[in-house]
Amino acid sequence: MPERQTPRELLASSGKLDRDVIAVKYRGRTVDLHTPVAATAAELAPVRATDAEGLAVIRHSTAHVMADAVQRLFPGTKVTIGPAIEDGFYYDFDKPGGGFTDDDLRKIEQTMLDVVKKDSAFRRVVVSRDEAKKMFSAMGETFKLEIIDAIPPDEEVSLYEHGVPPNEWVDVCEGPHVPSTGYLKAVRLTHVAGAYWRGDERNPMLQRIYGTAFPSPEALEEHLKLLEQARGRDHRKLGKELELFMFDEVAPAMPFFLPRGAFVYTRMIDYVRGLYERHGYDEVVTPQVFDPRLFRTSGHLGHYNENMYRVWTEDLLADAGDKVKEGLQQGAFALKPMNCPSHCVIFGSKRRSYRELPWRVADFGRLHRYERGGVVHGLARVRSFAQDDAHIFCAEAQVSSEIEKFIGLLNEVYVAFGFVKVDIKLATRPAAEKRLGTDEEWDRSERALAEGLERAGLKYDVVPGEGAFYGPKIEFHVHDALKRSWQLGTIQYDSNLPNRFDLSFVGDDGHQHRPVMLHRAIFGSLERFFGVYLEHCGGNFPAWLAPKQAIVLTVSEKSDAHALKVQERLRARGLRVDVDLSSDKLGAKIRNARLLRYPYLLVVGPKEAEIDSVGVRSRDAGELGAMKVDELAARLEAEARPPARMPGLAH
RNA sequence: GCCCACUUAGCUCAGUGGUAGAGCAGCGCUUUCGUAAAGCGCAGGUCUGGGGUUCAAGUCCCCAAGUGGGCUCCA
């Protein structure tokens, strides 16, 4: 067994130490330079400020310095936790008398700068649990006491301190940290937010400060610039600029799709509808408003109550009499939050044979869910939306092949939209008291889903306990411009609804059997997919999806007649073409058309009119020069077709 | 739902208690123009809504709504 030496000594002796190294990687763990380890130099890999792990070390150290600054500026503020996260760090504080202001953030930054200037070492001290608790209890740090209690008994309790007496600052912390505060060269506190202690809304609300840190001021600037660019791609901004959709207070969190946006929206539906034929789906159209008995049968009234919109009629109000509230609860019709109950009604409406299975029933019905005020978000989380929803009624034995087929279909669609980076999650059984069905049933259904994924050759993460109470599910997540992750597609195993609706089919043995139901969607919510896709393509819809495929721009009024003729001829071939006859100069027309992201600009002046052509400028391919109108039409027609099958998802 | 912030013309935004502003868009006129913004003029406002303080409120205070950043939830 080698002597315990610090990684700094070990690296120095083997010549691997330079100023860039801020920690080491040792047997799978990141350790700071000054924590003695029982290792040889060969076992240590230097971690540099620019590595992902190094960045996390810098950010976590920055969080400590921020907490130090906060406690100096705001005495009485208690500290809780302050981890490094993707793109930065945060620290949660319990501050008496309310939150932090933007002014406070600037002051905190200033104070942090002072701490950094002192360049004092981060020191690691291992203490006993009792010592640690005595110390933090004397400091009044009640949250830290909870944290100490939560440390597994076989792990040592370490403290990290920095600062020069009498201004040391100490925190319970696993580490690692940079050698000294002087390593923190580029810090920016970005925003404040409320956060519940341990993420539980029954716990007290804490004040969270988000910030970010980088190895150099240049890297920080670069990051801030990228953030700014990402904001320019925000679907809410693009939606307004490109006149795709709007919102109004009269229907909070319910989008109004404007003509341009509505075109894209319905085009998306047409596209999957076109695939349904080949993939064996039947489409149905179902009601919007239902007698509450339906949702008592499905279980939604009871489990999903607080998310449902209820409506009443004058008749119901009269009948309700004095007991208005109770009457409404019993009798008020409900807007559907999901399509599945309708599909169960259809399935149960006649005797079904095993020969009909699997029966795949699709529905683009509009759904309404009352989402709490704080969670709605642009198009990504709305209260009125549609899904490319379908339910597959099948026999248990058909489940895994249905999963595989579905994944094939989803794959085709995602690739068509250019989503190749997709996080796939398999959400498995929740805690025993929160789930229906036997362990054997869960074993079977989870295995069926996993098999489907594996047969499709896709990598996925298992998220234990995150399944629905009635069955496991597969989720497909993608990131928006600001790196927030959103679930789009999903497929879920459900034996509960067929039970509740007492569904059955006649098997080849002549007996009644219970079908299994798979809930599945590729886009998920069309609204959410629209928003995420809008950010993904930056508003540059491909010609097959774009609201308009081209715009004819005249050089002057002299060419109006030719321009209108060109538009007419292209329209006659089914192409979507605008024309700009305004008195703007050509430069201005081009600018306007570019801002609206037209795939093609067709310039028309006396020269073009003479030879029956247009000057073509492609949004994606640049200047194409003069083209005959028919030649251009053929090119546009080819691009206007939805993508054919393409290679699968990459990882 | 909770914490914090924001809400001024169609859009983007100035305006820190004393006569509501700019640019773009719109409309009119002039210009007929060759690849990212022609010129001049006109119009456009219950400063999100309600209440309060004050001689005086876009500005200060309270309540509500909407939106945004988070937390939480998501059959």
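In what follows, chains are A, B, ... by sequence order, proteins preceding strands, each numbered from 1.
- Residue contacts shown for A:Phe295 are absent, as no nucleic acid heavy atom lies under 4.0 Å away.
- Put simply, CD on A:Glu608 is 12 Å from P on B:U35, counting in whole angstrom units.
- Rounded to an integer number of Å, the gap from A:Leu586 CG to B:U32 C1' is 12 Å.
- Spacing of P atoms, B:C47 relative to B:U7, comes out at 14 Å, to the nearest Å.
- Residues passing the side chain to side chain donor-acceptor pair (under 3.5 Å) test with A:Glu441: none are found, sequence neighbours excluded.
- Atom C1' of nucleotide B:A36 and atom CG of A:Asp580 are separated by 13 Å, given to the nearest angstrom.
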* Along nucleotides 9-16 of chain B, 5' to 3', which nucleotides get a B, which get an S, and which get a -, given that the test is a protein heavy-atom distance under 4.0 Å? -> --SS----
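- Where pairing requires Watson-Crick or G-U contacts shorter than 3.5 Å, the helical stems of RNA chain B with at least three consecutive pairs are B:1-7 with B:65-71, B:10-13 with B:21-24, B:26-30 with B:38-42, B:48-52 with B:60-64.
- Using the six-membered ring where Trp is involved, A:Phe295 and A:His300 have ring planes that are perpendicular, over 60° apart on the 30 and 60° scheme.
- B:G68 atom P lies 18 Å from atom CG of A:Asp102, rounded to whole Å.
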* To do: Take nucleotides 70-75 of chain B nucleotide by nucleotide from the 5' end and write B, S or -, depending on whether a protein heavy atom sits under 4.0 Å from the base, only from the sugar-phosphate, or from neither.
  => BBBBBB
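- A close approach under 4.0 Å does occur between a side-chain nitrogen or oxygen of A:Arg617 and OP1 or OP2 of B:A36.
- At the heavy-atom level, A:Pro606 lies under 4.0 Å from base atoms of the strands shown.
- Remark: side-chain polar atoms of A:Gln207 are not paired, donor with acceptor, to backbone N or O of A:Phe93 under 3.5 angstrom.
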* side-chain contact (heavy atoms from CB on, under 4.5 Å) between A:Arg597 and A:Leu242: does it pass, once the steps are laid out? -> CA-CA 8 Å; A:Arg597 317 285 208 280; A:Leu242 304 183; 3.9 Å; yes
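- Base engagement by A:Glu557 is indicated by at least one non-hydrogen atom pair under 4.0 Å involving a base atom.
- A:Asp560 places its CG atom 10 Å from the C1' atom of B:U32, with the value rounded to the nearest Å.
- Between A:Val399 and A:Val516 the shortest heavy-atom distance is CG2-CG1, 4.1 Å.
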Pull out every protein N or O sitting under 3.5 Å from an N or O of nucleotides 37-45 of chain B, one pair per line with the distance.
from	atom 1	to	atom 2	distance (Å)
B:A37	N7	A:Arg591	NE	3.4
B:A37	N7	A:Arg591	NH1	3.4
B:A37	N6	A:Arg591	NH2	2.6
B:A37	N1	A:Arg591	NH2	3.1

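- Scanning residues 73-88 of chain A for heavy-atom distances under 4.0 Å to RNA chain B yields an empty list.
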